[in-house]
Amino acid sequence: MSYFRFEELLSGPIGLLTFDVPDKKVNTLSQAIMAELTSHVAQLEQRTDLKGLLFRSGKPGQFIAGADLNELGALIDATREQCQTAIAAGHELFSRVSRLPFPTVALVDGNSMGGGTELILSMDYRIASTNPATKIALPETKIGLIPGWGGTQRMTRAVGVHHAIEIICGGEAVGPVKAVQIGLCFDAVPADKLVDVGTALIERVVRSGEWKAERQRHSQPLGLSADEFQFAFACAEGAIKGKTKGQYPAPLAALRAIKEGINKPLDEALLIEQQIALEVTGSPISSNLISVFFMNNAIGRDPGFMPTTAKARDVKQVGVLGSGLMGAGIATAHARRGVPAVMVDVGKERLADGMKRTCKVIEDRIRISRATMQDMQEMLTRLSTSTSRSVFAEADVVIEAIPENEAMKTQAYSELKSILRDDTILCSNTSTISITRMAEAAPHPERFVGMHFFYPVDRMELVEVIRGAKTDDDTVATIVALAKRIGKTPIVMKDCPGFLVNRVLLPYMNEAMLLLQEGALMDDIDKAATKFGMPMGPIMLSDLVGLDTALSAGNVVSTAFADRAKPSSILADLVKAGRLGNKSGSGFRKLNKKGKPENDSDFAPFLERHRTDSRQFTLDEITDRMFLPMLLEATRVLEEGIVAEPHHVDMGLLLGIGFPPFRGGILHWCDTEGASAIADRLAKYVSLGKRFEPTDSITTKRVFFPRAKNVV
Ligand code: NAD
């Protein structure tokens, strides 16, 4: 198989090397491809007759997507020697490209990622197409690596320290306009002009000889003054440490590579980069982040408890019942992504509030330059409102998002019977109520399904798709396809109390309250969770979601799993006293005048009433007490077949509650610690109750992600 095509353009002659992996949608860099490129480079090194070389992709709008995924997956298990060999091989090849005896120009049309970007950085010039799909990026730090084929040094020499830090340490992708502004690309032109403009550039730089001077300049130290050096790196280091909280080492490692290499000649700097790349490649954190990347890919292709014959139906119009917090968010999510939506609520005022919420989503995006006024107009043309449910006669899918009250919801379903078309799918956004049970009130139980969005809908990617006992395959397939169409990540599961995310989250939340009652400090409880990597602690989260909501969801789960649940008593008392969390101004903590939570002396009497002990706790003990029950529940969800595969559990928690990606997910955490070690830790707590008894997965020492499976 051949991956590259070489031809000569008569003018010059100028070489044109086209990269085109046969039978694949995108070009990636594998060892076989690098080997073929090496032999082309070896031939080109002899071609002193060539005036220059143009390099392009043979796939319009698709440049180079980065490393081959199977080889990326193999990095998880790679030995230090294998990592060293892979890093050194890329360095050697790209250094040879950078020394070819004529000017080289990369013609970039489409995404250039990772190793692809490092390849084009080893060329003398880059010209981007003005195609909006054209983006140049070095996203390695997002998977715990650093650009290790020269990227940290060549990018910095091309665009300067400030932009290089954003691109390398922040993983920010650069479009064609910015690429020209910052000096990453020489020009940006329409895709069909790339070869002509590239040819003209070669003619010009050969005439003037400036390409040699450019090449010489890029091989030198950047020459930052001591002050510039100090300022650039101190600021960046502080910002990165603040963001990564010591849990993601790659951005800091990349910064160190830039810092240590930038005032050295390129050859020396490249050696420094290789050393630092080796420190992070194959590390447990990088392995976990690469696993997250693979799990995400797997979820994208996931059929979810369906035979492959299931057929997604076309959805032209969506109806949303309820224009509250969730309904408005759900309608906006559809309208924004091109799916016309109609919102129905009980009164005009409610609908007006709903419309305010939908507009605010886009206004907020406009403020951070992620949307334009045109997006707002387009969204509004696709969104309508009504107080009459008769508009749902046109809808292919209706999503119910009225209050969490089973009688109210089933009443509404009965009333929809005379309105909905026979083939309309009815979904509920319920957080806790049984889909199988409510299906009995739906017009067609087989076309009734849970479609559980998370708050805030515009930012939360996860959608739990819950199959009731009678839900049919085509219904699930349609809702999975619809969720993907609006940019969400659907995970299909069977019906159970709390579904996946709340079922696994609530034992952890409840344990936090029990710890409080036993004497642990509120701040220590939250600190243990954030130190573990959670975005916020369980006490702060309870105040944020509302204690009434946490209480009612907790009741559903603890009633269903009464054999092991030990509900805390403090929550109900706080709710009774009207302390509902941030929405009422106080809960566990109170909001100060600036709207920030702070400790509240009025809370002490509540705690006193529920105190069961006054022990001191270490952060490690608090961590175990909260995360071990969470893990056990996660294993039960899997053992009961609520979801099909371990990666559904891990991705559900990563996307649904912000479980720390550097740990790979709760089941990856179990694999990292080892089931035996987990069993030992559980033994210390089992006297507290059945909730700490090891499950079958733990006693049989199950490995959830056998390493060899980490390939696509
Ligand atoms: P909400 O109180 O903000 O909104 C409910 C809306 O439904 C209100 O505008 C109300 O006027 C309207 N409504 C009530 N009865 C109606 C009827 N018969 N017909 C039409 N409209 C009616 O509630 P919410 O927070 O948006 O929650 C809605 C659903 O989403 C609940 O089932 C909840 O459990 C679930 N949910 C909520 C969250 C969350 O964080 N708020 C997250 C996930 C799921």
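All ligand and atom numbering here is 1-based and tracks the order in the structure. Worth saying up front: this structure is predicted, and the values here are computed from it rather than measured.
The protein heavy atom nearest to atom 34 (O) of ligand 1 is Glu404 OE1, 2.8 Å. What sits closest to atom 44 (C) of ligand 1 on the protein, heavy atoms only, is Ser431 OG, 3.1 Å. Closest to atom 4 (O) of ligand 1, if we only count protein heavy atoms, is Gly324 CA, 3.2 Å. Of the protein's non-hydrogen atoms, Pro403 CG, 4.5 Å is the one closest to atom 2 (O) of ligand 1. Regarding atom 8 (C) of ligand 1, its nearest protein heavy-atom neighbour is Asp345 OD2, 3.5 Å. Atom 40 (O) of ligand 1 has as its closest protein heavy atom Tyr455 CB, 3.3 Å.
Looking at Thr372 and Asp375, their side chains do bring a donor and an acceptor atom within 3.5 Å of each other. A donor and an acceptor atom, one from each side chain of Thr471 and Glu446, are nowhere located under 3.5 Å apart. Side-chain contact annotation: Ser428 with Thr430, donor-acceptor N/O pair under 3.5 Å absent. Side-chain atoms of His452 and Asn429 form no donor-acceptor pair, as typed in the model, at a separation below 3.5 Å. Looking at Asp495 and Ser434, their side chains do bring a donor and an acceptor atom within 3.5 Å of each other. Side-chain contact of Asp472 with Thr475: a donor-acceptor pair under 3.5 Å is present, judged by distance alone.
Taking the charged nitrogens against the carboxylate oxygens, Lys409 and Glu404 do have a contact shorter than 4.0 Å, which makes a salt bridge.
Side chain of Asp543 to main chain of Arg589: a donor-acceptor pair is present (N/O by atom type, distance under 3.5 Å, no hydrogens or angles). At least one donor-acceptor pair under 3.5 Å links the side chain of Arg382 to the backbone N or O of Ala335.
Polar contact with ligand 1: present for Met326 (N/O pair, distance under 3.5 Å).
Atoms of ligand 1 found under 4.0 Å from any heavy atom of His452, numbered from 1 in the order shown, are 43 (C), 44 (C). Each of the atoms 9 (O), 10 (C), 11 (O) of ligand 1 lies under 4.0 Å from some heavy atom of Arg350. Each of the following atoms of ligand 1 lies closer than 4.0 Å to a heavy atom of Lys409: 31 (C), 32 (O). Listed by number with element, the atoms of ligand 1 under 4.0 angstrom from any heavy atom of Leu321 are 19 (N), 20 (C). Interface atoms of ligand 1 facing Thr430, defined by a heavy-atom separation under 4.0 Å, are 32 (O).
Residue contact check for ligand 1: Arg389 places a non-hydrogen atom closer than 4.0 Å to it. Using a 4.0 Å cutoff on heavy atoms, Ala412 does not count as a contact of ligand 1.
Closest heavy-atom approach to atom 31 (C) of ligand 1 within the set Val457, Thr432, Ile402, Asn429: this belongs to Ile402. For atom 17 (C) of ligand 1, the nearest non-hydrogen atom from the set Leu325, Val346, Leu416 comes from Val346. Of the options Gly354, Ser552, Ala401, Gly322, the smallest heavy-atom separation from atom 28 (C) of ligand 1 is shown by Ala401.
Residue pairs meeting the ring pair (Phe, Tyr, Trp, His ring centres under 6.0 Å) criterion with at least one member in residues 561-593, sequence neighbours excluded, are Phe588-Phe603.
Contact annotation: for Phe453 versus ligand 1, heavy atoms closer than 4.0 Å belong to the backbone alone.
There is a protein heavy atom less than 4.0 angstrom from atom 26 (O) of ligand 1. Per-atom contact check: atom 23 (O) of ligand 1 does not touch the protein, criterion being a heavy-atom distance below 4.0 Å.
With sequence neighbours excluded, the residues forming a salt bridge (charged side-chain N to carboxylate O under 4.0 Å, His left out) with Glu518 are Arg625, listed by chain and number.
The aromatic rings of His668 and Phe705 sit parallel to each other, their planes meeting at less than 30°, with 60° as the upper class boundary.
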